[in-house]
Number of protein chains: 2
Amino acid sequence: MKIGKVFKYFRQTKHITLKEACQGIVSVPFLSRFENGLTDISFSHLLELLNRINVQLSEFEFLYQQKNTTNNDLLPAFQQAYQEGNAAQLKKYLSEWQKKQGKFANLQTIQLKMMLTTLGEGTVTEDELAILVSYFQKIDNWTFFELYLFGHAISFLELPIMLNLFKELQKKEIIYDDFRHDNFSILFYIYNNVILHLLANNCFDEAHTLVNHLENYFGNHDKDYYHQARLFNLKGLTLYLMDQKVLGLRLLKKANLITYLTNHKTDFLKNEKNYLTKYLSTEELSEVFNFSEVDYLK
Amino acid sequence: MKIGKVFKYFRQTKHITLKEACQGIVSVPFLSRFENGLTDISFSHLLELLNRINVQLSEFEFLYQQKNTTNNDLLPAFQQAYQEGNAAQLKKYLSEWQKKQGKFANLQTIQLKMMLTTLGEGTVTEDELAILVSYFQKIDNWTFFELYLFGHAISFLELPIMLNLFKELQKKEIIYDDFRHDNFSILFYIYNNVILHLLANNCFDEAHTLVNHLENYFGNHDKDYYHQARLFNLKGLTLYLMDQKVLGLRLLKKANLITYLTNHKTDFLKNEKNYLTKYLSTEELSEVFNFSEVDYLK
DNA sequence: ATAAAAAGTTGCATATAGGTTAAAAATAAT
DNA sequence: ATTATTTTTAACCTATATGCAACTTTTTAT
């Protein structure tokens with residue numbers, strides 16, 4: 001219980017006295033006791049105190065989690081290991097979570113197995129997928145946890161089932177409209193995967209609808225260049241496959257051009273190219289990844 | 001005190017029973033009373049409960065703030081009014097905060113006056129600026145609150161004083177390295193303004209140092225295209241003014257090209273162009289804002 | 001429709017969060 | 001060094017957070 005200590009750190013580094021910090025909220029002796037870990041505090045009082053010393057709850061939480069070894073939410077940890085392709089670390093997490101019991105521990109376990117499978121080092125059974133599906137069907141509010149879980153499940157689920165779940169998600173998604181950047185990234189990631197999955201299965205119209213739907217987002221977030229570029233990419237491929245080849249290729253090139261100009265890691269463009277090999281002809285491919293006209297800017 | 005209600009919403013929409021949610025943390029009856037607003041809860045218990053139902057504190061806070069009319073942190077509200085150029089609304093806030101007393105209310109007041117001044121509808125006295133400076137000098141931990149305050153103060157402060165304060169900030173900034181996107185935006189905004197201010201005062205070397213410092217960030221955040229483009233812009237102008245005109249103009253053009261391709265509001269590029277009029281010749285300007293070579297992609 | 005089971009609520013007991021006062025210890029100011 | 005201010009600690013007290021058992025309501029099963 002070092003919550004108090006974190007508060008003390010903020011207060012002292014801002015040179016605010018106990019008296020200034022607590023006026024009208026709690027008493028001086030109590031605040032002192034709280035800061036020194038001798039007593040707990042109510043949530044609403046903590047909110048008021050943080051407001052008084054001009055610290056956002058997110059800032060407070062950040063430092064608190066950082067100083068706490070018993071990490072409360074393990075999602076970022078999973079994510080990191082997964083993105084690094086660190087299968088060994090994921091297996092560690094897996095054996096930890098397999099010891100625990102309960103519905104949610106089980107879901108975490110399945111999530112880890114899916115991650116490992118994607119990395120080529122694991123398997124997911126039919127039963128486990130059934131558990132996932134029934135969980136998603138039951139839920140009618142998606143938070144970061146479910147978004148993340150679903151994002152990894154997309155390619156494991158049968159297309160019609162996956163699409164149905166996705167429709168459920170869309171109904172709720174409004175909450176995230178002006179939500180934190182972190183959460184929108186996950187949401188976009190899901191859209192991205194669903195659309196690619198649809199295209200791979202020749203469901204062009206559905207994919208197109210989703211692309212159009214995504215476009216609305218950028219009315220309010222015109223500074224989100226990265227996702228804008230990804231959207232050009234998705235739209236480009238979709239139009240290309242819907243026989244609007246010229247327009248499609250232009251969009252694909254635009255996406256690549258932006259990516260190229262912003263110095264995104266070269267691996268990224270290499271992966272993009274790899275993926276498009278499935279769809280584009282050799283000439284088209286080399287045109288879409290030809291940046292000679294702006295090369296002088298590099 | 002509708003904290004409990006928000007928790008109840010999350011729990012119920014995820015179809016988790018009281019028993020499942022509280023096992024090993026609090027008792028069923030207590031959780032029920034908390035949810036119905038009959039009692040407060042300790043912060044640590046709330047954290048555990050949120051973790052149990054797989055809701056992030058930030059998600060919880062978001063919904064809580066949204067449903068709470070008595071907004072706890074007014075920074076976003078200020079920001080919105082300021083960005084919209086809504087002077088009337090800012091004046092409203094000002095008269096509200098002038099009624100309150102205390103050091104922080106005073107700081108908020110000054111901040112509002114600076115905003116209004118920037119919009120051409122207010123004045124800030126020397127005394128008020130002195131208060132600001134002494135506040136920043138005393139502080140040795142910068143949170144969102146101070147970042148925001150400083151961001152608006154930059155052009156009001158004497159250059160050497162401002163630079164000293166900025167150096168203090170830089171020492172602390174490490175905390176924000178892998179911090180939330182929101183906070184980094186503010187930090188970048190500050191860097192941006194400081195660099196432009198330096199350039200306007202012919203302090204090229206200092207500006208260049210800051211530009212180099214900013215570049216380090218993008219090693220870990222290569223998906224942040226928007227800020228990457230802004231950095232190209234800053235670096236371009238800096239190099240241009242340091243007599244590396246060719247390289248500088250290339251970077252400026254690169255920044256504009258990215259901005260153009262991502263469909264950022266046309267006002268944005270117009271403002272950029274306006275600003276650069278101070279420095280570039282007419283021919284240079286029209287070249288840097290000439291997008292004919294990629295026009296066919298639009 | 002009715003019983004059985006589970007989920008949620010209420011009343012009372014108690015542990016603990018938090019206030020008040022005062023005094024000791026530690027910092028800051030002169 | 002001496003004063004003044006801030007912080008910590010202590011003792012005692014009150015309000016309230018929380019647990020337990022019994023109760024009511026809702027859901028599920030037959």
Side-chain angles (χ1 to χ4, degrees), chain A residues 1-55 57 60 64 101-104 106 134-135 137-141, chain B residues 1-55 57 60 64 101-104 131 134-135 137-141:
Chain A
M1 193 215 294
K2 21 174 108 158
I3 305 171
K5 218 174 166 185
V6 176
F7 184 88
K8 188 177 189 174
Y9 165 76
F10 276 117
R11 179 181 63 78
Q12 288 190 330
T13 52
K14 289 189 178 220
H15 296 272
I16 300 169
T17 68
L18 285 170
K19 199 176 163 188
E20 285 174 307
C22 76
Q23 287 263 31
I25 304 169
V26 293
S27 69
V28 173
F30 173 74
L31 185 54
S32 170
R33 286 202 297 264
F34 163 64
E35 285 189 347
N36 294 317
L38 299 171
T39 179
D40 207 345
I41 194 170
S42 78
F43 181 65
S44 42
H45 278 167
L46 182 65
L47 280 188
E48 289 183 73
L49 288 169
L50 285 176
N51 187 40
R52 170 68 53 77
I53 66 171
N54 300 305
V55 172
L57 185 58
F60 181 76
Y64 173 67
Q101 38 194 349
K103 183 168 60 178
F104 297 119
N106 197 16
S134 79
Y135 176 72
Q137 278 168 342
K138 212 175 70 180
I139 298 303
D140 39 32
N141 183 21
Chain B
M1 194 215 289
K2 24 174 110 161
I3 305 171
K5 217 174 168 188
V6 176
F7 185 88
K8 189 177 190 173
Y9 166 76
F10 275 117
R11 179 182 64 78
Q12 288 189 329
T13 52
K14 288 187 177 222
H15 295 271
I16 300 169
T17 68
L18 286 171
K19 197 175 163 188
E20 286 174 307
C22 75
Q23 287 263 30
I25 304 169
V26 293
S27 69
V28 172
F30 172 73
L31 185 54
S32 165
R33 279 199 290 263
F34 163 63
E35 286 187 347
N36 293 320
L38 300 172
T39 179
D40 205 346
I41 195 171
S42 79
F43 181 65
S44 41
H45 278 167
L46 181 65
L47 280 189
E48 289 182 74
L49 289 170
L50 286 175
N51 187 40
R52 170 68 53 78
I53 66 170
N54 300 305
V55 172
L57 184 57
F60 180 76
Y64 173 65
Q101 39 195 348
K103 184 166 61 178
F104 296 120
I131 291 171
S134 79
Y135 177 73
Q137 278 168 343
K138 214 175 70 182
I139 297 302
D140 40 34
N141 183 21

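In what follows, every chain begins at residue 1, and chains take the letters A, B, ... in the order their sequences are listed.
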Nearest-Å distance, CD1 (Ile3(B)) to C1' (dA17(D))? 13 Å
What is the nucleic acid contact for Ser27(A), judged by heavy atoms within less than 4.0 Å: base, sugar-phosphate only, or nothing? base
Indicate, with a heavy-atom threshold strictly under 4.0 Å, whether Ile25(A) touches base, sugar-phosphate, or nothing. sugar-phosphate
SG (Cys22(B)) and NE2 (His45(B)) are apart, to the nearest 0.5 Å, by 11.0 Å
Once you round it to whole Å, what is the distance between P of dT18(D) and CZ of Phe43(B)? 14 Å
Has Arg33(A) got a side-chain N or O lying under 4.0 Å from the OP1 or OP2 atom of dT20(C)? no
Rounding to an integer number of Å, can you tell me how far Leu18(A) CG sits from dA26(C) P? 16 Å
Verify the contact: side-chain N or O of His45(B) to OP1 or OP2 of dA17(D), cut-off strictly under 4.0 Å; return yes or no. no
Do Asn36(B) and Lys8(B) pair up side chain to side chain, a donor and an acceptor below 3.5 Å, judged on atom types alone? yes
dT6(D) P sits how many Å from Gln23(A) CD, rounded? 11 Å
Less than 4.5 Å apart, side chain to side chain, heavy atoms only: is that true for Gln23(A) and Arg52(A)? yes
Look at the side-chain N and O atoms of Thr39(A) and state whether any lies under 4.0 Å from the OP1 or OP2 oxygen of dA17(C). yes
Counting only side-chain nitrogens and oxygens, does Ser32(B) get under 4.0 Å of the OP1 or OP2 atom of dG8(C)? no
In whole angstroms, the gap separating P of dT18(D) from CD of Glu35(B) amounts to 14 Å
Taking for each residue the nucleotide of DNA chain C bearing the nearest heavy atom, is the 5' side occupied by Phe30(B) or by Ser42(B)? Phe30(B)
Whole angstroms only, please: what is the NZ-C1' distance between Lys5(B) and dG8(C)? 17 Å
So if I take every side-chain heavy atom of Ile41(B) and compare against dT9(C), dT18(D), dT20(C), which nucleotide ends up nearest? dT18(D)
Quick check on dT8(D): is either OP1 or OP2 less than 4.0 Å from any side-chain nitrogen or oxygen of Lys8(A)? yes
Measure CZ/Phe34(B) against C1'/dA17(D) and give the value in whole Å, please. 12 Å
In whole angstroms, the gap separating P of dT18(D) from CG of Asp40(A) amounts to 8 Å
Value for CG (Leu46(A)) from CZ (Phe43(B)), rounded to nearest 0.5 Å, stands at 5.5 Å
Residues, nucleotides or ligands: over 12 heavy atoms within 6.0 Å of Lys103(A) NZ: yes
